[in-house]
Amino acid sequence: MKMEYTKAPLKILLVSYPAQGHINPMLRLGKCLASKGSSVIFITTEKAGKELRTVNNITEKLVIPVGNGSLTFQFFDDGLSDDDPIRTSQTTYLPHLELVGKQFLSQMIKNESNTPISCIINNPFLPWVCDVAVENEIPSALLWVQSSAVFAAYYNYFHKLVRFPSVEEPYIDVQLSSVVLKYNEIPDFVQGFSTFSILGTIIMEQIKNLSKVFCVLVDTYEELEHDFIDYVSKNSVKIRPIGPLFKNPQIKNASNICGDFVKSDDECIIEWLNSKPPSSVVYISFGTVVHLPQEQINEIGYGLMNSQVSFLWVLKAKPPPDFTHVGFKPHFLPDRFFEETSGRGKVVKWCPQEQVLAHPSVACFVTHCGWNSSMEALTLGVPMLTFPAWGDQVTNAKFLVDVFGVGIRLGCGQAENKLVCRDEVKKCLSEAMAGPKAEELKQNAIKWKKAAEAAVAIGGSSDQHLDAFMEDIKARFKRYNTLS
Ligand code: UDP
């Protein structure tokens, strides 16, 4: 028998893939929904949960009050030891995660039947969550953690609406709404030669499952990606742009709930930035998964030694929990690097990126162009030097440089297999730090920053979409659960 609809708060399950770039936007969404009165349960694997509990102030199953609602964490064991060979490849890990994740989620839904679940939200790489939602007659939505333009590219590829490069025709351009993407600017997961073509396969599974979700939430905003949001909403599923989530003013009071996998000495980093003049520091980070060849790190290192700029550089000490990099070796820096950059450089394993990008001493960001990093920098008004590796990063780099006007192209994606030399690093750094190009990038970045602030303010476009999304859940939940 179906349950009676009550006026109880919405109870929303968020199921996140255990990677930093997926957990961050999902947790930010969770805080927003909780602030607006929902009871949110955040679910991911125990392996990620272990890191989250160690680094942050998180206790599993504790109900944390957030605004008018609450947030609870729940972790499930994927049943694998840390050194299980299944973990060494996404090709073996993703199907395993589906098997154990489905069982866990189905059981959890049964256990929670006293207070029915109003909606389940997953991020990509877990397309099976929609199937569990349908089986249990629970409304479900997708939180897309890349751009709307990239979503449109995958949608077009899946439905064969435009021609994409292939083994037979590797160098053709792709017309995507008003933008033309060159062969090396297309999210390369869908190209046969990608190292991570399994991720292309899983994303296609998600695109195939779009009929099962009532909408797709995207960490973007109307003013930034209007054409693509409109295109997908008209041709496929309803897109609700609700970002930039990290800037939503409602989550300020929940800022102590953090999903970092790595601990950083925040105070020491901010103090160091405080000691530097305004717009004088280059921030460098390649995200949590990309691991550049050591040779490339050397060139960046020499570029910094030769350029005399101040810099804050994040160099990873270990691979992320969802990625067992076989033979991962931490990077080392050129001889005499620390002596020659003494007083003007800081190398860390992790930093509070939002705070760093918001700091007035930061002039520009050398980034791998992950969508979270791109949105954080763009909407904090920070120009970028784009250094993508693969996947959507190459497409994001194209948009940052040619469409949003906030970036200078530095690297061009791992498929090109080109070493960016130290002189190029030095030249691009000086262009981005001072002079007419720097000024142009800064002005554009400030324009996007202001538009983002307006979008997330109460009554702004993203805020309205978030409210409308919650109304959608209520209406669907009522329809599913009213006694007939
Ligand atoms: N991040 C951070 N500190 C660091 C490096 C990264 O807080 O030292 C955060 C960053 O702010 C972003 C996320 O990690 O929210 C990385 O996501 P992104 O999509 O940019 O890249 P990915 O790691 O998924 O490739």
Side-chain angles (χ1 to χ4, degrees), residues 16-29 31 48 51-52 55-56 90 123-125 143-147 150 187-189 195-196 199 203 218-220 243-248 251 255 257-266 268-270 272-273 283-292 311-323 325 330-331 346-359 362 365-380 382 384 386-397 399-400 407 411 413-414:
S16 181
Y17 182 73
Q20 193 77 70
H22 293 228
I23 284 185
N24 284 8
M26 191 61 115
L27 187 52
R28 290 161 178 169
L29 172 65
K31 291 186 204 175
E51 310 270 343
L52 295 180
V55 175
N56 312 281
Q90 300 289 11
N123 43 31
F125 300 0
L143 173 67
W144 181 252
V145 297
Q146 301 177 0
S147 72
V150 168
D188 70 3
F189 293 156
T195 330
F196 299 110
L199 298 182
I203 287 170
V218 186
D219 196 1
T220 186
L245 285 163
F246 83 99
K247 267 187 112 80
N248 191 305
I251 65 175
S255 59
I257 308 165
C258 177
D260 285 358
F261 287 157
V262 187
K263 195 154 191 65
S264 85
D265 192 346
D266 296 6
C268 167
I269 292 169
I270 300 302
W272 183 83
L273 285 172
Y283 168 53
I284 307 162
S285 168
F286 299 100
T288 58
V289 185
V290 167
H291 197 62
L292 293 181
F311 62 88
L312 171 67
W313 190 354
V314 179
L315 278 185
K316 280 184 284 297
K318 56 176 188 174
D322 70 311
F323 247 85
H325 285 264
H331 290 129
K346 194 163 181 61
V347 178
V348 296
K349 293 186 179 119
W350 188 253
C351 78
Q353 183 163 301
E354 281 176 52
Q355 283 183 63
V356 166
L357 288 169
H359 198 283
V362 171
F365 178 20
V366 179
T367 173
H368 74 306
C369 308
W371 185 241
N372 294 294
S373 294
S374 302
M375 276 296 274
E376 287 158 10
L378 179 85
T379 63
L380 286 165
V382 180
M384 283 162 263
T386 61
F387 209 118
W390 30 252
D392 63 319
Q393 298 156 19
V394 290
T395 318
N396 299 339
F399 276 79
L400 292 170
Q414 268 175 18

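Whatever order the structure lists ligands and atoms in, that order sets their numbers, starting from 1.
At the top of the distance list for atom 20 (O) of ligand 1, counting protein heavy atoms only, stands S373 OG, 2.5 Å. At the top of the distance list for atom 19 (O) of ligand 1, counting protein heavy atoms only, stands N372 ND2, 2.8 Å. If you check which protein heavy atom lies closest to atom 5 (C) of ligand 1, you get W350 CZ3, 3.3 Å. Closest protein heavy atom to atom 21 (O) of ligand 1: H368 NE2, 3.0 Å. Of the protein's heavy atoms, C351 O, 2.7 Å lies nearest to atom 3 (N) of ligand 1. Nearest protein heavy-atom contact of atom 12 (C) of ligand 1 is E376 OE2, 3.5 Å.
Here the side chain of K349 pairs no donor or acceptor atom with the backbone of V262 at under 3.5 angstrom. Checking side-chain atoms of W144 against main-chain N and O of V150 turns up no donor-acceptor pair under 3.5 Å.
Any N or O atom pair closer than 3.5 Å counts here, and Q393 shares no such pair with ligand 1. Checked by distance only, ligand 1 and P352 stay at 3.5 Å or farther apart across all their nitrogen or oxygen atoms. Of the N or O atoms in S374, none lie within a sub-3.5 Å distance of an N or O in ligand 1.
Using a 4.5 Å cut-off on side-chain heavy atoms (C-beta onward), P352 and I269 make contact. Here the side chains of L315 and F286 are not in contact, with every heavy-atom distance at 4.5 Å or above. Proximity of N372 to Q353: side-chain heavy atoms (C-beta onward) are nowhere separated by under 4.5 Å.
Looking only at atom types and distance, the side chain of D260 has a donor-acceptor partner in the side chain of W350 under 3.5 Å away.
The distance from ligand 1 to the heavy atoms of G287 drops below 4.0 Å at these ligand atoms: 23 (O). For ligand 1 and W371, the ligand atoms under 4.0 Å from any heavy atom of the residue are 19 (O). Here is the list of ligand 1 atoms found below 4.0 Å of a heavy atom in Q20: 14 (O). Here is the list of ligand 1 atoms found below 4.0 Å of a heavy atom in G370: 18 (P), 19 (O), 20 (O), 21 (O). Every atom of ligand 1 with a heavy atom of G21 under 4.0 Å away is listed here by number and element: 17 (O), 24 (O).
Ring geometry, F125 versus Y17: the interplanar angle exceeds 60°, so the pair is classed perpendicular (tilted spans 30 to 60°).
The shortest heavy-atom contact between M375 and T220 is CE-CA, 3.7 Å.
In V314, the part holding a heavy atom less than 4.0 Å from any atom of ligand 1 is the side chain. Of all the heavy atoms of T288, the ones lying under 4.0 Å from any atom of ligand 1 are found in both the backbone and the side chain.
Partners of H359 by ring pair (Phe, Tyr, Trp, His ring centres under 6.0 Å), not counting sequence neighbours: none found. Shown here are the salt bridge (Lys or Arg N to Asp or Glu O under 4.0 Å) partners of K31, two or more places apart in sequence or in another chain: there are none.
Put simply, part of N24 is less than 4.0 Å from ligand 1, judged by heavy atoms.
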